[in-house]
Enquirer: 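What follows is a single structure, and I will ask about it in a moment.
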Amino acid sequence: MKSKKTLPAKYDPTVLEEKWQKIWDENKTYHVDIENAKNPFYNLMMFPYPSAEGLHVGNMYAFTGTDIYGRFQRMQGKDVLEPIGLDGFGIHSENYAIKVGRTPKEHAAISEKNFYRQLHLIGNGFDWERKVETYDPKYYKWTQWLFIQLFNQGLAYRKKAPVNFCPKDLTVLADEQVIDGKCERCGTEVEKRNLEQWFFQITKYADRLLKNIEGLDWSDKVRIAQRNWIGKKEGINITYPIENAKETVTIFTTRPDTNFGATFIALAPENPLVAKITTAEHKKEVEEYLKAASQKSDIERQAEGREKTGVFTGAYAINHLTGYKMPIWVSDFVLMGFGTGALVGVPGHDKRDFEFATKFHLEIKRVVVGSDNDTSPITAIEQVQEDEGTMINSDFLNGMDIHKATEKIMDYIEEKGWGKRVATYHLRDWLISRQRYWGPPIPLINCPKCGWQPVPEKDLPVLLPDVENWKPTGTGESPLAQLTDWVKTTCPKCSGPAKRETDVSDTFLDSAWYFFRYTSTDIDSAPFDTKRVKKWLPVTMYIGGAEHSVLHLLYSRFVTMVLSDMKLIGFEEPFAKFRAHGLIIKDGAKMSKSKGNVVVPDAYIKKFGADTLRTYLMFLGPFSQGGDFSDSGIEGMHRFLKRVWFIAHEFSENPSEEALSEESLRIMHKAIKKATEEISNLRYNTAIAALMEWYNFVSNRSKTQGQPLTKQELETFIKILAPFAPHMTEEIWQSISGNDSQFRSLHKQSWPTFEAKYLAESSITVVVQVNGKVRDNMTIVAGKEQKQVEEQALALEKIKKYTEAKQVGKIIYVPNKLINIVVKE
RNA sequence: GCCGAGGUGGCGGAAUGGUAUACGCGGUAGUCUCAAAAACUACUAGUCGCAAGGCUGUAAGGGUUCGACUCCCUUCCUCGGCACCA
């Protein structure tokens, strides 16, 4: 009996895919029992910004790759939670709304519809009952709740700070959102402004955030990026007396070993000490410098390059070690936010210090000799020894390696009470407030009597009011500040008149906890159900773009730690396993609307079907690597799926033909093994290649030996193909499986397993090399003794040619694989 | 400058230290067709040779090894991130 009548002759993905998406929806095929699941597997993909252009193939690549992993796990018997949502609050969405002349709310409604439509089209196995939209009051109620928890833990504080201000977006930006001195969103040059802002004290968690990295199963490059971002540096704070003054100056250094060569001190312009120590005769000059420095943007500073500027305060600090009078300067290359906002200059052994000293004719002392043994005075920047060397001109440190000297001198300084070992971090506190409209209002009330008070939980959410003037004001205040009625409120503590905070919180707060919410979208009484969180979290597998290696992951980790400290959850780290996927680029550049190279999947889905596009995207290269999108190969993938479709009509159900040869079994089990391993490692391209090789074998066998595909082979084949091309494989599966009235999806069948006994070959081809060069090959019986293999190899005509009249030395035998005969010339 | 990833046919890419270029795209020739498309078959790193077969080849140069795309050193280039961080 051949060919099942139920499988249509023509492969028509448009009809097929719509049909199955509907059936899956109706049957809740991908819905998971959140309370009772036995083998919970939380398969999470980073939820997208619903940009106006809609989902592009870059998004689709990420989602499909994650979905394949989820489908694979589901077929391994896991109860897979695979939710999706939209990260729709924030500047990005608001700016787009401004551009198209809609309110952010209107825009959100439109893009939401479009995104969910597209997310259906690509055929992912989402649980559609667990959606999250960050701009939904039911969601941001709990974002506000989270803010209050941080506030109550003493982790939210307010301070006036020089902040990055984007004059185009009219808002404050976090340090992380400033790229090359420009706004991450719009590319406008960022200004420095002094504004009152809310901060989260993430630095308090720096050490834990750093330490926990060790135990995470994450892509290495992401772990390294996190480590670098936290940027812990061990060093020492040294306090120097100031000549003729009661003040002292404290600097941070990681290189106290060079302290015998210290010849000046430099302070950041913002350092409060500047005003206190500047002598009368230098006052005017210093004030002018401070004023100029405060007006300079980062871009202007960069434009000046490494050309150092600075001004002398007239004061001197005394170097304990040498008694040297170190002039105290002010320079904008010293950063207030790092260390103590002051440094000690060792121009002989630090390139920046050298430049500064050269420019202002300060003394340069050599205290380290490098491997070049140059002991001459340092007059050129090439002579500046930074990373290695031996101490000289440094009293009791002389002759020591610099690293040893560093430890020695730190002990000494601490002993003398001149300083103390400290660690500093690159990580800064999280600037959380935004003078914008499209975000969750910060749920705090300022009472003239009681100070800042959180909005009581029963009053949450603080709804974002619908207002006419929602566009940024540029006054340094949120548009919400104009709503006097809304701002006016009563103090939750004393019931006196009070004012609401009018800033909204940073979008990164929205996305720092959404993975908790997915488990509990049906619950209104709490941010999440603790039992469900215990069951499903930490997230089993998290997949997302490397561009979020630092910010989103770090903030999520921070929030999770805080919740853990509050005993609301029983773990510190939110993502057990994280893998970064590659980026799909187009013509060598990242897809972006401004470059006009955005590829939208819709047209390809219409022409070839989602199955083809999915499989094609995954075949492009390793998932972690991404690739350059070109449609040149997509026809080939479509061809492959069509071949599978046709061969599925011609399988044999004749029991006498069912018996597979040893070779056929071996090829099948090899394919299962290879595909399973490759999918586990997110190497989808080679998994697909393994399927193709198997297909080629069967197709060839069918033609040359007349043995068609067997039912067993077909079933196995479409199961492995199922995660990649879920629609067509489902159709084939339904046509070959029994006529059960109940719908049993292919995607809930168990994954094929391979058996080692079928993998072994009875006769094997062994490569024969002479001096490492392949000269011949031969077939041997598996497991043959080395001696016999050697004899067989040496007897080969082609090999004789190379061994004749020469002395055969060593013979290396790699069992069942290769034999290498070494001959001497 | 620092950190990270990478450099393999015409192209995307494949190779636990063991036959380099699997799989796919593209190309060439053929089958089918009135013709074309589709589909199918064969070939497809360079080079010498009628062939058998040889030689050369994984950015460049060196090293370790019986054997190196793979490990080590030096250099060059591309991409991504950070950047006056003491």
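Below, read A as the first sequence line, B as the second, and so on, with proteins coming before strands; counting in each chain starts at 1. Source: prediction; values computed, not measured.
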Enquirer: When rounded to the nearest Å, what value does the distance between P atoms of B:rG24 and B:rC40 take?
Expert: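 Nearest-Å result for B:rG24 against B:rC40 at atom P: 11 Å.
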Enquirer: If you measure from the Lys or Arg side-chain nitrogens to the Asp or Glu carboxylate oxygens, is any gap between A:E214 and A:R227 under 4.0 Å?
Expert: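 Looking at A:E214 and A:R227, the cut-off is met.
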Enquirer: Among residues at least two apart in sequence or on other chains, which ones pass salt bridge (charged side-chain N to carboxylate O under 4.0 Å, His left out) with A:E635?
Expert: none
Enquirer: In this structure, are over 12 heavy atoms from other groups packed under 6.0 Å from A:K359 atom NZ?
Expert: yes
Enquirer: For nucleotides 6-11 of chain B, list the nitrogen or oxygen atoms of the protein found under 3.5 Å from its nitrogen or oxygen atoms, one pair per line.
Expert:
none

Enquirer: Taking side-chain hydrogen bond (donor to acceptor under 3.5 Å, both in side chains) as the definition, give me every residue that meets it alongside A:T14, ordered by chain and number, with sequence neighbours left out.
Expert: none
Enquirer: In residues 613-624 of chain A, what residues come within less than 4.0 Å of RNA chain B, judged by heavy atoms?
Expert: A:F619, A:L620, A:P622
Enquirer: How would you list all residue pairs meeting salt bridge (charged side-chain N to carboxylate O under 4.0 Å, His left out) that involve residues 684-705 of chain A, not counting sequence neighbours?
Expert: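 Those involving residues 684-705 of chain A are A:R701-A:E713.
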Enquirer: Taking the same atom, P, in B:rG10 and in B:rG62, what whole-Å distance lies between them?
Expert: 24 Å
Enquirer: Assess whether one donor atom and one acceptor atom, taken from the side chain of A:K308 and the base of B:rC84, lie less than 3.5 Å apart.
Expert: yes
Enquirer: What residues form a side-chain contact (heavy atoms from CB on, under 4.5 Å) with A:A671, not counting sequence neighbours?
Expert: A:W694
Enquirer: Taking only N and O in the side chain of A:N228, is any of them less than 4.0 Å away from OP1 or OP2 of B:rC2?
Expert: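 Indeed not, no polar side-chain atom of A:N228 lies that close.
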Enquirer: Give A:R683 one of three labels, base, sugar-phosphate or nothing, depending on what nucleic acid heavy atoms sit under 4.0 Å from its own.
Expert: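 Here A:R683 touches the backbone only, sparing every base.
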Enquirer: Tell me which of A:Y425 and A:V814 sits closer to the 5' end of RNA chain B, going by the nucleotide each one is nearest to.
Expert: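 Nearer the 5' end of the strand: A:V814.
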Enquirer: Among residues at least two apart in sequence or on other chains, which ones pass salt bridge (charged side-chain N to carboxylate O under 4.0 Å, His left out) with A:E663?
Expert: none
Enquirer: Can you check nucleotides 64-67 of chain B for protein contacts, nitrogen or oxygen pairs under 3.5 Å, and list what you find?
Expert:
{"unit_1": "B:rC66", "atom_1": "OP1", "unit_2": "A:K810", "atom_2": "NZ", "d": "3.1"}
{"unit_1": "B:rC66", "atom_1": "O2'", "unit_2": "A:N820", "atom_2": "ND2", "d": "3.3"}
{"unit_1": "B:rC66", "atom_1": "O2", "unit_2": "A:N820", "atom_2": "ND2", "d": "2.4"}

Enquirer: Under a 3.5 Å limit for both distances, which nucleotide forms a Watson-Crick or G-U wobble pair with B:rA86, could you say?
Expert: none
Enquirer: What orientation do A:W645 and A:Y11 show, parallel under 30°, tilted 30 to 60°, or perpendicular over 60°?
Expert: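 Judged by the thresholds at 30° and 60°, the geometry between A:W645 and A:Y11 is tilted.
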Enquirer: In whole Å, what separates the C1' atom of B:rA42 from that of B:rC79?
Expert: 39 Å
Enquirer: Under 30°, 30 to 60°, or over 60°: which ring-plane class applies to A:Y684 and A:F623, parallel, tilted or perpendicular?
Expert: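 Plane angle between 30° and 60°, so tilted.
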Enquirer: Provide a list of protein-nucleic acid N or O atom pairs under 3.5 angstrom, restricted to nucleotides 48-50 of chain B.
Expert:
none

Enquirer: Taking atom NZ of A:K784 as the centre, does the number of heavy atoms from other residues, nucleotides or ligands within less than 6.0 Å exceed 12?
Expert: yes
Enquirer: Quick one: label A:K773 by what it contacts on the DNA or RNA (base, sugar-phosphate, nothing), any heavy atom closer than 4.0 Å.
Expert: sugar-phosphate
Enquirer: When the P atoms of B:rG26 and B:rG12 are compared, how many Å lie between them, rounded to an integer?
Expert: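 Their P atoms lie roughly 15 Å apart.
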Enquirer: Would you please confirm or rule out a distance under 4.0 Å between OP1 or OP2 of B:rU41 and any side-chain N or O of A:K703?
Expert: yes
Enquirer: Not counting sequence neighbours, list each pair that qualifies as a salt bridge (charged side-chain N to carboxylate O under 4.0 Å, His left out) and has a residue in residues 615-632 of chain A.
Expert: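 Passing the test, one end in residues 615-632 of chain A: no pairs.
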Enquirer: Below 4.0 angstrom from OP1 or OP2 of B:rG81, is there any side-chain N or O of A:K221?
Expert: no
Enquirer: So what does A:D353 touch, heavy atoms closer than 4.0 Å: a base, only the sugar-phosphate, or nothing?
Expert: nothing
Enquirer: With the threshold set at 4.0 Å, does a side-chain nitrogen-carboxylate oxygen contact exist between A:R255 and A:D353?
Expert: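 A salt bridge is absent here (no side-chain N lies under 4.0 Å from a carboxylate O).
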Enquirer: Could you tell me which residues satisfy side-chain contact (heavy atoms from CB on, under 4.5 Å) with A:K351, sequence neighbours excluded, listed by chain and number?
Expert: A:I381, A:V384, A:E386
Enquirer: B:rU70 and B:rC84: how far apart are their C1' atoms, nearest whole angstrom?
Expert: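 The answer is 40 Å between these two C1' atoms.
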Enquirer: At less than 4.0 Å, is any side-chain N or O atom of A:R643 found next to OP1 or OP2 of B:rC40? Yes or no.
Expert: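 Affirmative; the distance criterion is met.
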Enquirer: Taking syn as a glycosidic torsion within 90° of 0 and anything else as anti, which one is B:rG9?
Expert: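 Syn.
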Enquirer: Suppose you measure atom P in B:rU28 against the same atom in B:rG46; what distance do you get, rounded to whole Å?
Expert: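 B:rU28 and B:rG46 have their P atoms separated by 15 Å.
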Enquirer: Would you tabulate the pairs of protein nitrogen or oxygen atoms and nucleotide nitrogen or oxygen atoms of nucleotides 51-54 of chain B closer than 3.5 angstrom?
Expert:
{"unit_1": "B:rG54", "atom_1": "OP1", "unit_2": "A:Y802", "atom_2": "OH", "d": "3.1"}

Enquirer: So, does A:N237 get its side chain near the phosphate of B:rA86, meaning an N or O under 4.0 Å from OP1 or OP2?
Expert: no
